[in-house]
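Take a look at the structure set out below.
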Amino acid sequence: MEIKKELTGNKLKISLEGRLDAVSAGDLDKVIQSDLNGVEELIFDFADLDFVASAGLRVLLVAQKRMNKQGTMKIFHVNEDVMDVLEMTGFSNFLDIVD
Amino acid sequence: MNEKIYSLWFLKKGSIRNRVFRLILLGSMTILVVMGLLVVYGLYTMNSVFMTQSDQLSGTSAGYIEDVTSQQITGRLTDVAKTRALAIETEIWGITNDTDYLAYGVENVIKHPEYYARRTLPDPRFQKIRPGEVYIHQGGSLQASGVSPSLQQEIGIMSNVASYIEPMARQYNQFESSIFVGSKNGYIIASDNAPGKEYINMTEEFLNTYEPTERGWYKNTQARGSITFNDIYVGADGYPSFTCSAPYEDNDGFAGVVAIACSVKSISDIIDSSLMGKSGISFVLSDKGKIMLSTNHEGLMNDVDGKDLRKDSNESLADAVGKMIAGESGWQIVELEGQEYFLAYAPMQKIKWSFGTIIAINEVMTPVQTARQHIVDQVGGFKDLMTDQVVKFVLVAIISIWSALVLLFNLTSWLTDKFVAPIKELTGGVREIASGNLEKKISIPTGDELETLANAFNNMTDKLQNYMSHLTKVTMEKEHIATELAVATNIQESMLPHIFPFAPERKEFDIYATMQAAKEVGGDFYDFYLVDDEHLLVTIADVSGKGVPAALFMVIAKTMLKNSVLSMDSVKSLADVMARTNDQLCQNNDAMMFVTAFMGILNLTTGQFNYINAGHNPPALYKASEKRFDYLPLERNFVMGGMDHIKYKGQELTLQKGDRLVLYTDGVTEALNDSKELFGEERLLDTLNKTKASENSAQNLLLELEQVLNDYVGDAEQSDDITMLALVYNGPEKA
């Protein structure tokens, strides 16, 4: 999976491309752990994200919890497959998913 | 390219030893051959130059000797001719002067009779005459006619001439000689010298018939009218006899001839002393081209023939004679009787004669020829010696080169072995290391690349050893962990209900479940148990992530759920169980792990099925009435452990006899084939619908599903835990 970061002031945009599975979730976890200092607006772009595994959901949960403390987190361009998973797991109720 | 190079003999593939050996041998042999060729070329050049030069040397030196010798010979011949001519001229000139003086004395007497008294001289007819004694002799005709008184008077006066003759005769007394005055009147006044004799021997014939006016000298001189040199002849004593005569006159004119005839040994000696070699001839040539005197009295240039050589048919001789008479001096080559001679000549100017001496060229040149031959022989000998030395040298060279080759071969072999020995040792050492002896240390103290290589090998062996011991350690650790994990797997498996058939005495249901962890331990779990006689509880859950952390979380989740379920008072409070468990899981969940779960409780009598879903995949429900599977409609409850204080909504349905529930985790729907394609919910539903659901037991249903899933995945690696649970409701037990 490819992770693209774009920091503008206190706004961080993370674009994910490919499969967010158990392996790539580790990479994303590192980004979340290290790059969120001072970020008040976190934006995920899921336009090219094909798949999210439970490990990936965990990272999203971590990110959401962190951002609950220091700002906002939004997810853009979620495709149908990923949306299914988010809905099934109830994540869609907690995440700010923008159409 | 390489093929080409290796096809050369000295680079042909083979052991390094052989290649090095061939290279060194080839190099050394090339140098040896080149040097040999140079030496042979040098020898050849030196030899041919020497041969040419020695031929030239013998030629030029012999020619030089010839030239020098010719010059010396001709120069000496010319010098000899000059000095001898002068000496002879001096001798002859003395006699000529004496003759002239005598004629003057006789004329003095005959023209002035008044100054002289009559004198009487002895007559050999009547007494013996001593040498040097002056006598008078009357010729034969005068004896016959008798002496008249006037003639008597004249003879008496003329006898005074004796006073001129006497001292002159003493001057010549060393030789046979005569000094005489011949009168036209037929008498002579004379004195003879005959060394060693007491008296002069006179024959009867001379005493009786001698007629002075008839003699050649008299006639020649009278005819000539001046001093005359008469032919030279060899006298009784063996020496050439020379007569010089001159006319004298009285008051009436010609009155007689005076003459000095002497055998001049000095001239002979002079001529003889000018001889050179065996073929040498010296001669005196008169102004008339006649040989007056010669060392040869017969044969070549003799003084007997009396020919006029100016008219000789031999042109070279006639030419030379011409030059001699012309008063020239010098030398030239004449050919006489088929042989070449040097002829040197010089004039006697006072008497118009010339002196010549000849010598055969080949005689003169014999020493030169000998010298030339000697040089040629010497050079030839030297050439032979040279050739001999060259042959010897070549022989020695061949032996030396052969020895050098043998030595070179052995030396090269030895050197190559020496050179290759470290490589062999290295090869042996490496082979030993390769065969497993890592303790082996290669020691090649050559100080070159081989030592570096050996050190590198030793280094590598050390590292290999370290690595292997490290590997052994790691492997042991891994094995240790693996052993522990195997134990953990056992523990996890034993935590899940795994004895089938479960509760076989209960005919209301048939249940079967499998869990296939992607790693040794998994995060999935299922659970089922009879809460009481009427109620069967089923659970399937999936912890986020895999491996040991997931397994630990799973254990916690499973234990908490079961504890909560067992303490609930009504099936309606299933949602409370969920909420309570969620809250418990959220406590101290720093790792943010969560679990999706589906839990249901079945009333075995009524078929009522109360269930609650916490973010888990929707189970498939087979309705016997519809004979097909469909996904169970679900509330979207959040996962457990993610956030606390969440309300969960429970759901409810009633199962009919023959209905079936299939629970699964996302390991099924998200299984990937080789093309990374998801198995998917649709395919799952299709697969389930293709099974003979109504006939299959719970176990067979899962086995069939598992078979299809395995076929789909093929050789692709299992990426997630795969957990399935099937429940068949057979309706209430007929009591």
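Side chains are part of it too, since the values below use all heavy atoms of this structure and drop only hydrogens, waters and symmetry mates.
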Could you have a look at B:Asp720, B:Asn637, B:Thr596 and say which one has the most heavy-atom pairs with chain A under 4.5 angstrom?
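Answer, by heavy-atom pair count under 4.5 Å with chain A: B:Asn637.
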
Give, for atom CG of A:Leu61 and atom CE of B:Met593, the distance between the pair rounded to the nearest 0.5 Å.
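Separation between the atoms: 11.5 Å.
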
Nearest-0.5 Å distance, CE of residue B:Met643 to CZ of residue A:Phe91:
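Going from the CE atom of B:Met643 to the CZ atom of A:Phe91 covers 7.5 Å.
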
Using the side-chain contact (heavy atoms from CB on, under 4.5 Å) rule, pick out the option among A:Asp29, A:Val62, A:Leu60 that qualifies with B:Met592.
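Answer after filtering A:Asp29, A:Val62, A:Leu60: A:Val62.
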
Side-chain heavy atoms of [X] within contact of [Y], under 4.5 Å:
X        : Y       : answer
B:Val639 : A:Phe94 : no
B:Phe638 : A:Thr89 : no
B:Asp666 : A:Met88 : no

Closer than 3.5 angstrom, by distance alone: can the side chain of A:Lys65 be matched with the main-chain N or O of B:Gly642 as a donor-acceptor pair?
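Yes; at least one donor-acceptor contact below 3.5 Å.
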
Main chain of B:Ala591, side chain of A:Arg58: is a donor-acceptor contact present, judged purely on distance under 3.5 Å?
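Pair found, side chain donor or acceptor close to backbone of B:Ala591.
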
Top residue by heavy-atom pair count (under 4.5 Å) with chain B, among A:Leu57, A:Asn93, A:Asp84, A:Val23?
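Greatest number of close heavy-atom pairs with chain B: A:Leu57.
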
Check whether B:Asn617 gets within reach of chain A through its side chain, its backbone, both or neither, counting any heavy atom under 4.5 Å.
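When you check distances to chain A, atoms from both the backbone and side chain of B:Asn617 fall under 4.5 Å.
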
With a 4.5 angstrom heavy-atom cut-off, is it the side chain or the backbone of B:Val595 that approaches chain A, or both, or neither?
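Neither part, no heavy atoms under 4.5 Å.
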
For B:Glu670 against A:Phe51, the heavy-atom pair lying closest together:
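Smallest interatomic distance, heavy atoms only, reads OE1-CZ, 3.0 Å.
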
Side chain to side chain contact (heavy atoms under 4.5 Å, CB included) between A:Arg19 and B:Leu672, intermediate numbers included:
CA-CA 12 Å; A:Arg19 292 167 53 87; B:Leu672 296 173; 3.4 Å; yes

